Amino acid sequence: MIEQMTHVAIVGKAADKEQILDWLYREKGFHPMPVQPEDETFLKTFRELPDQSPEMDARLNRINSVVSFCQEFQSNKPGFLDAMLPLKTVGTRAELDSAVKEVDIDLLYDKTSEMRTAIESSNESITRLKNEREAIRQFSFLGDSLPRLTRLKNVLLEVVAVSGQGGKAFLLDDRITRGDIIAEQILADQTHTYYALVAPASQAELLKTLIDDHGLHVHPLPVVEKGAAEEISRIDHLLVEAECMLESQRNEANRFADAWIKKASLAAGYYESEKNLALARTGMAESDHLFTARGYVKTDHEELFRLRLESKVPGATVFECAAPEGEEPPVSLKWNKWISPASLLVKMYGLPSYTSIDPTPYVASIFFIFVGICLGDAFYGVCLIAIMAFLKRKYREQAHLQDFFQCFLYCGISAVIFGSLTGSWMGDLSARLPGMGWFDRIRTSMAMLDPIQDSQLALYIAIGIGVFTQFYGMGLRVYRDLRRGDKMGAFSDGILWMAFLFFAIVGGLTGSSFAWILFVITCVLLIFTQGRDQKGWIARILVGIVSIYGIMGAYGASAILGDLISYARLMALGLTGAALGSTFNMLAGLSTEIPAVGIILAIFVVLGGHAMNFFLNLLGGFVHSARLIMLEFFGRFYEAGGSQYKPYGFNSENVDVKDVKRA
């Protein structure tokens with residue numbers, strides 16, 4: 001249900017501004033809108049409140065950097081499920097207030113920056129030392145002569161690496177064959193052969209040209225003071241020291257992160273909220289003597305809202321006034337606990353416009369039915385119920401996730417129902433297991449349809465569901481237009497199209513001439529009504545004709561036909577899941593004939609195959625069912641585009657405060 005909103009203005013003394021804002025924060029029942037003055041007197045008298053959002057944004061960026069550091073170095077890393085879900089930091093009002101007081105943003109930011117710089121420096125030192133050690137190790141065969149070779153003055157020495165026989169072509173170069181440059185193989189491994197190129201210092205340019213011409217990869221000799229073995233030993237010692245230092249720095253970072261992660265996260269949520277509030281306050285105004293703000297309150301709470309403000313802040317008042325022309329109130333949707341899980345689809349698609357209808361109660365049942373048909377197995381449904389019940393309990397403090405889990409729990413219940421009706425409990429596994437005859441008799445007695453054997457009937461049922469949802473959506477279009485007082489829209493864009501579809505189906509199935517006559521009459525009426533917004537009868541008729549096909553207008557024959565065919569995916573997904581389940585059962589049965597490992601292999605095939613089938617069907621069932629809702633169903637009546645109701649008060653995407661109480 002879309003809650004009704006009333007546009008109000010709040011007026012109080014300028015001296016009471018902070019008291020009013022503090023009360024609004026705790027009351028959390030006022031959606032602020034920017035003041036839009038229309039006369040010169042207001043502009044001369046009132047001024048907008050200063051914009052403090054840049055200051056809050058700077059604080060938020062710094063505290064978010066601290067939170068990021070804590071998340072990186074905390075000891076208790078989030079598990080797989082925690083990492084997959086958008087979890088919020090949950091705290092009490094007292095914990096939030098304490099965190100804001102204790103968290104010195106600049107101090108923590110400087111501390112984390114210092115620790116991060118130190119850790120990065122240690123990592124760089126370790127990487128550099130390892131590279132130095134590896135460079136020396138390549139020339140360890142030179143032993144104690146390595147330092148002398150790096151200090152040659154009259155002779156140039158370069159070590160190059162080549163791969164394969166083709167890389168040795170440079171040995172035939174004239175500069176080597178005539179002795180200007182000496183090439184000597186010094187080492188070979190599995191991938192490369194290493195050569196020492198020696199030339200007089202006066203031939204430096206000649207040596208460089210040879211290397212460039214043949215694209216030789218140079219390995220520079222490491223500059224060392226002692227022999228290779230001593231240098232490697234020295235670097236190993238430095239590496240031990242650097243790694244100990246890094247471990248100490250990481251331990252310090254771990255202790256810091258564990259101590260501050262929750263407080264820093266709560267503080268980040270607070271400053272995120274404060275930034276939003278600062279932006280909201282820029283739309284309020286004050287003069288030397290008065291403070292004013294405008295916005296929306298829920299109509300049911302308007303009187304209580306006014307009385308509470310006037311009792312809390314004497315001299316302040318709230319009064320109803322007309323909203324600016326063309327402005328649409330914010331949208332607040334209210335559901336009971338049974339319908340609320342279906343709001344997931346509405347939130348994914350976008351909130352309805354304020355003057356439209358809330359589709360949540362209408363979409364709830366058909367969406368769960370669609371997913372149940374697609375999942376199509378009772379045992380899979382039991383598994384889904386168990387998984388969602390576990391997640392609801394495990395994440396019971398994550399209030400924003402409860403509807404998500406409950407939605408899939410309902411889908412599991414639907415899958416149990418439709419799986420029982422199609423006789424699918426892990427496919428036909430009970431018919432293949434010894435000692436399960438009693439269960440197989442129960443399974444077959446409950447089954448009303450075998451989608452594999454009766455695939456044509458299953459297709460007819462899927463199309464029938466599509467026909468029903470099309471009428472359902474058109475009926476909601478009629479209801480929406482009648483609520484708006486648009487009787488012509490309800491008749492021409494709803495009732496006539498329902499008649500169009502109905503007479504087409506009846507005429508097609510029965511061949512009734514009377515039905516086809518009524519169908520033609522309906523088409524004529526559609527031609528004269530679909531272009532009613534056009535100027536001139538010729539334009540109206542032309543628009544009406546193309547609307548029958550579906551190029552323009554509310555629906556169209558091609559769109560309706562395409563939508564009906566789309567519902568065949570319900571049968572296809574259910575049939576695919578059942579066929580895969582039976583196939584895995586058959587493969588498991590064949591596996592039992594393999595000597596020694598047959599039983600183990602059969603168990604693996606059953607568990608692994610059905611697990612894969614379960615997740616594929618669940619994913620496909622949700623995606624395709626959501627598509628049928630958002631395109632084929634919502635397209636008949638739903639108008640999105642509403643702005644969310646965001647009352648002035650604590651509001652964070654990442655933090656949930658459990659006990660924000662009214663003053």
Side-chain angles (χ1 to χ4, degrees), residues 345 366-388 407-433 440 443-444 446-469 562-591 602-633:
L345 290 171
I366 59 175
F367 175 72
F368 299 137
I369 289 172
F370 289 174
V371 177
I373 293 174
C374 293
L375 194 53
D377 187 280
F379 185 79
Y380 294 174
V382 171
C383 292
L384 186 57
I385 293 171
I387 293 171
M388 292 303 116
C407 176
F408 279 93
L409 192 148
Y410 285 167
C411 292
I413 294 173
S414 177
V416 171
I417 295 172
F418 285 99
S420 299
L421 294 177
T422 57
S424 182
W425 290 78
M426 292 186 75
D428 58 350
L429 184 62
S430 60
R432 299 174 184 272
L433 287 177
D440 195 55
R443 177 182 70 86
T444 54
M446 290 190 297
M448 299 179 64
L449 173 69
D450 185 341
I452 297 177
Q453 299 296 327
D454 303 316
S455 57
Q456 189 172 9
L457 177 58
L459 176 62
Y460 291 156
I461 292 174
I463 299 298
I465 292 173
V467 171
F468 169 77
T469 54
D563 289 350
L564 291 178
I565 294 175
S566 288
Y567 284 89
R569 71 186 67 228
L570 295 174
M571 181 276 295
L573 288 170
L575 179 62
T576 301
L580 277 175
S582 297
T583 300
F584 288 127
N585 294 337
M586 180 184 66
L587 291 175
L590 295 174
S591 300
I603 294 173
F604 175 79
V605 170
V606 168
L607 296 181
H610 281 286
M612 182 184 71
N613 198 29
F614 168 74
F615 286 109
L616 288 176
N617 278 11
L618 180 60
L619 178 63
F622 179 82
V623 170
H624 288 284
S625 298
R627 182 195 182 281
L628 288 173
I629 294 296
M630 294 182 184
L631 295 182
E632 280 76 10
F633 184 62

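Note that the numbering runs from 1 along the sequence shown for the chain. Owing to the predicted nature of the structure, the values given are computational and were not obtained by experimental measurement.
Atoms CG and OG, from Leu449 and Ser455 in turn, are 9.5 Å apart once rounded to the nearest 0.5 Å. Separating the OG atom in Ser625 from the CG atom in Leu573 is a distance of 7.5 Å, to the nearest 0.5 Å. Atom-to-atom distance recorded for Leu409:CG and Ile387:CD1 is 11.0 Å, nearest 0.5 angstrom.
Taking the side-chain hydrogen bond (donor to acceptor under 3.5 Å, both in side chains) definition, one finds that Asn617 meets it with nothing, sequence neighbours left out. Looking at residues two or more places apart in sequence or on another chain, you find a side-chain hydrogen bond (donor to acceptor under 3.5 Å, both in side chains) between Tyr567 and Thr469. With sequence neighbours excluded, the residues satisfying ring-ring contact (aromatic ring centres under 6.0 Å, His included) with Phe368 are Tyr410. Asp440 pairs by the side chain to side chain contact (heavy atoms under 4.5 Å, CB included) definition with Ser430, Ala431, Arg443, Thr444, not counting sequence neighbours. With sequence neighbours left out, the side chain to side chain contact (heavy atoms under 4.5 Å, CB included) criterion links Leu618 to Leu375, Leu384, Phe408, Phe614. In this structure, the side chain to side chain contact (heavy atoms under 4.5 Å, CB included) partners of Ile417, at least two apart in sequence or on a different chain, are Ile413, Leu421.
Ala602 and Ala588 make their closest contact through CB-O, 3.3 Å (heavy atoms, listed as atom of the first residue, atom of the second, distance). Counting all heavy atoms, side chain and backbone alike, Pro451 lies closest to Leu575 at O-CD1, 3.1 Å. Across all non-hydrogen atoms, the minimal contact from Ser582 to Ile452 is OG-CD1, 4.1 Å. Closest non-hydrogen pair, Leu570 versus Cys374, comes out as CD2-SG, 3.7 Å. The heavy-atom pair separating Ser424 from Gly376 by the smallest distance is CB-O, 3.5 Å. Heavy atoms only, all atoms of each residue included: Gly609 and Phe584 are closest at O-CE1, 3.2 Å.
Between the Arg569 side chain and the Ser566 main chain, a donor and an acceptor come within less than 3.5 Å of each other. Side-chain atoms of Asp377 never come within 3.5 Å of backbone atoms of Gly419 as a donor-acceptor pair (strictly under, hydrogens ignored).
When side chains are defined from C-beta on, Met612 does not count as touching Leu580, because their heavy atoms never get closer than 4.5 Å. Looking at heavy atoms from C-beta onward, His610 lies in side-chain contact with Asn585 at the 4.5 angstrom threshold. Within the 4.5 Å cutoff, the side chain of Phe367 has heavy atoms near those of the Phe622 side chain. Side-chain contact between Ile461 and Met571 is absent, with no heavy atoms from C-beta onward closer than 4.5 Å.
Each of Val605, Ile603, Val606 was compared with Ser591 under the side chain to side chain contact (heavy atoms under 4.5 Å, CB included) criterion, and only Val605 meets it.
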